[in-house]
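Here's the structure, in structure tokens; my notes come after.
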Amino acid sequence: MARADLDKQPTDVRRMFDTVARRYDLTNDLMTAGIQRSWRRSMVAAVAPRRGDLVLDLAAGTGSSSEPFAAHGATAVPCDFSVGMLRQGRKVRPGLPFVAGDGTRLPFLDDTFDAVTISYGLRNFVDPLAGLREMRRVTRPGGRLVVCEFSRPVNGALRTVYLDGVMRALPRIASVTASAPDAYVYLAESIRAWPDQPELAAMVAEAGWQRPEWRNLTGGIVALHRATA
Ligand SMILES: C[S@@+](CC[C@H](N)C(=O)[O-])C[C@H]1O[C@@H](n2cnc3c(N)ncnc32)[C@H](O)[C@@H]1O
């Protein structure tokens, strides 16, 4: 059984991602019907990486979320605690400097990065507030945070179709491509239980970040939360 529960025990989360690693990129693309590429473009625009910037992409998995920053001339450092995801990342994206590390105890000095990003990762942390604090610690003063995460659709009808329809169908869709379809039961559960946009912004502020704000993508299915160190 590869699936984590909503208590998000790090060992279970790590093992679950180890199991889905080999087919993670493919399943991701198929399940989001490619929309995720436009979410990635919005993410890059929000981070606005400059040539020479050092960008930490936390919970980077196979590096699919880190690659666009490198493509814009930044040095992107993908960090993750799943050895399976890191191994797959090194295989398919050998040019990226993958680092093994837990987001609640990062292996970096204070004030190291110009920007810190996390895509679809924070929801899996046993203690997301501790993760946001740790991201703050390793970001230089004036540096930026961008969190890309599934969120709460703002329109009532879209919310019902998405949360009651799509989320229930997700494990069946995943069974076509995923190496461990059960993990996608956890994905649906964790999305439904995740804080909405204002709640996450409040958590970002509580972690010590300045001026948290967010932008909804695809009606709030995904939200980008931005803040400054
Ligand atoms: C859904 S994947 C996202 C991968 C990638 N960022 C993307 O956008 O496709 C979530 C990743 O978060 C990682 N993760 C979860 N909790 C973590 C933690 N405490 N520290 C480091 N990585 C973590 C998992 O190992 C997994 O690779």
Side-chain angles (χ1 to χ4, degrees), residues 2-32 34-44 46-47 55-70 76-93 96 98-108 115-135 137-138 145-151 170 174 178-180 183-191 194 207 217 222-224:
R3 156 193 187 347
D5 292 311
L6 286 183
D7 62 3
K8 303 179 186 179
Q9 286 309 305
T11 317
D12 295 342
V13 171
R14 198 180 300 126
R15 195 177 302 141
M16 180 180 73
F17 282 104
D18 284 349
T19 311
V20 300
R22 201 171 49 83
R23 294 173 75 88
Y24 175 83
D25 287 357
L26 173 69
T27 305
N28 230 8
D29 237 25
L30 289 177
M31 286 203 326
T32 56
I35 297 174
Q36 104 135 298
R37 292 194 197 153
S38 90
W39 294 341
R40 295 246 193 255
R41 281 194 294 276
S42 301
M43 178 69 177
V44 173
V47 176
V55 178
L56 170 64
D57 185 32
L58 181 55
T62 60
S64 50
S65 49
S66 325
E67 207 166 36
F69 305 123
V77 180
C79 176
D80 202 283
F81 75 175
S82 155
V83 170
M85 293 291 261
L86 291 169
R87 208 172 272 151
Q88 178 69 11
R90 282 197 185 115
K91 197 160 118 196
V92 296
R93 298 184 180 88
L96 291 175
F98 287 92
V99 173
D102 184 331
T104 57
R105 278 168 298 152
L106 286 170
F108 305 108
V116 177
T117 64
I118 182 163
S119 298
Y120 316 107
L122 193 59
R123 180 176 28 87
N124 303 299
F125 278 39
V126 64
D127 186 349
L129 179 60
L132 287 165
R133 285 199 174 113
E134 190 60 352
M135 287 181 243
R137 180 184 69 74
V138 301
L145 167 76
V146 186
V147 178
C148 174
E149 192 48 88
F150 289 106
S151 198
L170 203 62
S179 37
Y184 292 82
V185 176
Y186 163 80
L187 171 65
E189 280 178 359
S190 64
I191 289 174
W194 183 243
L217 304 181
V222 163
L224 298 181

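Starting from 1, each residue takes its place in the sequence as its number. Everything quoted here is computed from the prediction, not taken from an experiment. For ligands, and for the atoms within them, numbers begin at 1 and follow the listed sequence.
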Checklist entry - Looking at side-chain heavy atoms only, is the closest gap between Met43 and Ser119 below 4.5 Å? => result yes

Checklist outcome for this item: Heavy atoms of Val83 and Asp18 approach each other most closely as N-OD1, 3.4 Å

Checklist outcome for this item: Closest non-hydrogen atoms of Asp7 and Val126, given as atom of the first, atom of the second and distance, are O-CG2, 3.6 Å

Checklist entry - Within the distance-only criterion (no hydrogens, no angle test), does the side chain of Lys91 pair as donor or acceptor with the backbone N or O of Thr62 below 3.5 angstrom? => result no

Tabulation required: pairs of a nitrogen or oxygen in ligand 1 and a protein nitrogen or oxygen under 3.5 Å; columns are atom names and distance to 0.1 Å; otherwise 'none'.
| unit_1 | atom_1 | unit_2 | atom_2 | d |
| --- | --- | --- | --- | --- |
| ligand 1 | 6 (N) | Ala59 | O | 2.8 |
| ligand 1 | 6 (N) | Ser65 | OG | 2.9 |
| ligand 1 | 6 (N) | Ser119 | O | 2.9 |
| ligand 1 | 8 (O) | Arg40 | NH1 | 2.9 |
| ligand 1 | 8 (O) | Arg40 | NH2 | 3.3 |
| ligand 1 | 8 (O) | Ser119 | O | 3.4 |
| ligand 1 | 9 (O) | Tyr24 | OH | 2.7 |
| ligand 1 | 9 (O) | Arg40 | NH2 | 3.0 |
| ligand 1 | 9 (O) | Ser64 | OG | 3.2 |
| ligand 1 | 19 (N) | Asp102 | OD1 | 3.1 |
| ligand 1 | 20 (N) | Gly103 | N | 2.8 |
| ligand 1 | 22 (N) | Phe81 | N | 3.3 |
| ligand 1 | 25 (O) | Asp80 | OD1 | 2.6 |
| ligand 1 | 27 (O) | Asp80 | OD1 | 3.3 |
| ligand 1 | 27 (O) | Asp80 | OD2 | 2.7 |

Next on the checklist: Side chains of Asp80 and Ser82 only: does a donor on one sit below 3.5 Å from an acceptor on the other?
Outcome noted: no

Checklist entry - Is the NZ or CZ atom of Arg14 both under 6.0 Å from the centre of the six-membered ring of Phe81 and within 45° of that ring's axis? => result yes

